[in-house]
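The structure appears right after this line, and notes come after that.
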Amino acid sequence: MADTAPPDMFSLFLQTCRETPDAPFLIAADGTVTPYAGAQARVAQIANLFRAHGVKPGDRVAVHVEKSQTALLTWLAALQAGAVYLPLNPAYTTGELRYFLGDAAPALVVCRTADAAPMQVLCHELGVPALLTLDPAGTGGTLAEGMAQQPAHGDAAPADPEGLAAILYTSGTTGRSKGAMLSHSNLSSNALTLRSIWRFTAHDRLLHALPIFHTHGLFVATNLVIASGAAMLFLPRFDAGEAVRLMPQASVMMGVPTFYSRLLDHPGFTRECAAGMRLFISGSAPLSAETHKAFRARTGHAILERYGMTETNMNTSNPHDGERLPGSVGHPLPGVALRIADPESAKPLPQGEIGVIEVRGPNVFSGYWQMPEKTAQEFRADGFFITGDMGFIDDRGYVHIVGRARDLIIAGGLNIYPAEVEAALDEIPGVAESAVIGVPHPDLGEAVVAVLRADDPALDEAAVIAALADRLARFKQPRAVLFVPELPRNAMGKVQKAALRSAHAALFAA
């Protein structure tokens, strides 16, 4: 960490509010503009409402609502009140929320108006002191009503650079979810770095169609806009038609790979539609080389792929100026150290060899909430965080990710990386997308299984296997090919391989 910590996110927000109060911050789909000064007033009202309900600096504020402008402003309001922000996926059930709220022990919960009754019961059971509600539009509920009664000004709580700004829970695919603790300097340092390398300015307008309970839409997108004094074309969700309609007003778009594949399927998405854009950024899940190439052919734009995770914010990026390699996530960000290590011995590996990706830098979180033992397991003695992602660095310094360590398939004692097999599958005509998993096999230990979504009804298992004959070594080729109408995904577009493994675990059972 540098001797001088970067300004915290709320200070960056206030700076723009002071310097350009009338500049647009949030632009709704209907064209309604909320300038920075207007947003500042609403943020102060929400922060004052939080304080009126007993929220003190260091308290957690949990938010479990649909995406709206008011929902987004609760993030800044929590910062103004000195609280620790806890965004929660609105798809979570009350049963799932019991764990998160019980673990984080928030002082206040904001929930959907429709969930008020069960949430009142749950908050009473867990001892959560205060509950506010917000409707999907962000204009109704006790939060919207209560903030209207509060003054539109107020002091901000002092922000310790190393103090907690937010807790984001990981997906929990390898056990119960873990709360990643992110400091003020984790977030602001990353936003300022991205502002520099992606050339963001106050003239940018970001097409924002991502969820705001996740690091991508909340921290990468929103924090970067705030740090730049830019504006957001703020959509409640991704809709290809709406994206096409609004794109001529935008200069930048951030999305998950699904956004880009759906744009390519939309007849209105043409080179002319994207002519005013300067940058398309993809993350949260691997972008296929085929989508990258098809997008460039259609628009002339090379999608910029980057690599980050809940615990680290952004780690790497393809260059703004320079070659953006399909299938690569680019170079480590300035200030971020990245190495490839042997998963067992922890020894650094030579260039080009596959191992676990480890990172260290001002972007890396401090640990997991109330899990000191788990935190200790995930860090090396020299401070490097073990990401669990497998990858390698090529001879040009570009980082390539081949999959998660837990997704590694070991068949007959040989290591098989699903990303390599998926890349070969995606090149087969008729394959729309693929997921490769390992399932128990009586002879091999694990067998490679390909699960495909096809856009050619004539494609069958035999044709797929034949197409791979000259592309992959025999031991890497699927022992079974399954066809599905859709691959299971989470809210950020990542294929849920754990669900696929569970569904097909008995495929080779006697």
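Interatomic distance, OG of Ser366 versus CD of Glu311, reported as 11.0 Å (0.5 Å rounding).
Counted by atom type alone, Thr291 and Ser288 present one or more donor-acceptor pairs between their side chains at under 3.5 Å. Side-chain atoms of Tyr169 and Asp103 include a donor-acceptor pair closer than 3.5 Å. No side-chain donor from either of Asn363 and Thr312 sits under 3.5 Å from a side-chain acceptor of the other. At a cut-off of 3.5 Å, with distance as the only test, a side-chain donor of His320 or Arg278 sits close to an acceptor on the other residue. Side chain to side chain, Tyr307 and Ser317 fail the donor-acceptor criterion of an N or O pair below 3.5 Å. Side-chain contact, Asn190 with Thr193: no donor N or O sits under 3.5 Å from an acceptor N or O.
Relative orientation of the Phe10 and Phe13 rings is tilted, given thresholds of 30° and 60° on the angle between their planes. Relative ring orientation between Tyr260 and Phe280 is described as perpendicular, the plane-to-plane angle rising above 60° on a 0-90° scale split at 30° and 60°. In this structure, His64 and Tyr92 have parallel ring planes: the angle between them is below the 30° cut-off, well short of the 60° mark.
One finds no salt bridge joining Arg195 and Asp204 here, because no Lys/Arg side-chain nitrogen approaches an Asp/Glu carboxylate oxygen to under 4.0 Å. With salt bridges taken as basic N to acidic carboxylate O contacts below 4.0 Å, none links Arg324 and Glu305.
Of the possible polar contacts, none joining the Lys374 side chain to the Trp369 backbone as a donor-acceptor pair under 3.5 Å is found. Between the side chain of Thr299 and the backbone N or O of Phe295 there is at least one donor-acceptor pair closer than 3.5 Å.
Taking Arg404 as the reference, Asp389 meet the salt bridge (charged side-chain N to carboxylate O under 4.0 Å, His left out) condition, with sequence neighbours excluded. With sequence neighbours excluded, the residues that form a side chain to side chain contact (heavy atoms under 4.5 Å, CB included) with His400 are Ser328, Phe392, Asp394, Tyr398.
Legend: ring-ring contact (aromatic ring centres under 6.0 Å, His included) pairs involving residues 177-215, not counting sequence neighbours, sorted by first then second residue: His208-Phe234.
The two residues Val436 and Pro418 come nearest to each other via the heavy atoms O-CB, 3.6 Å.
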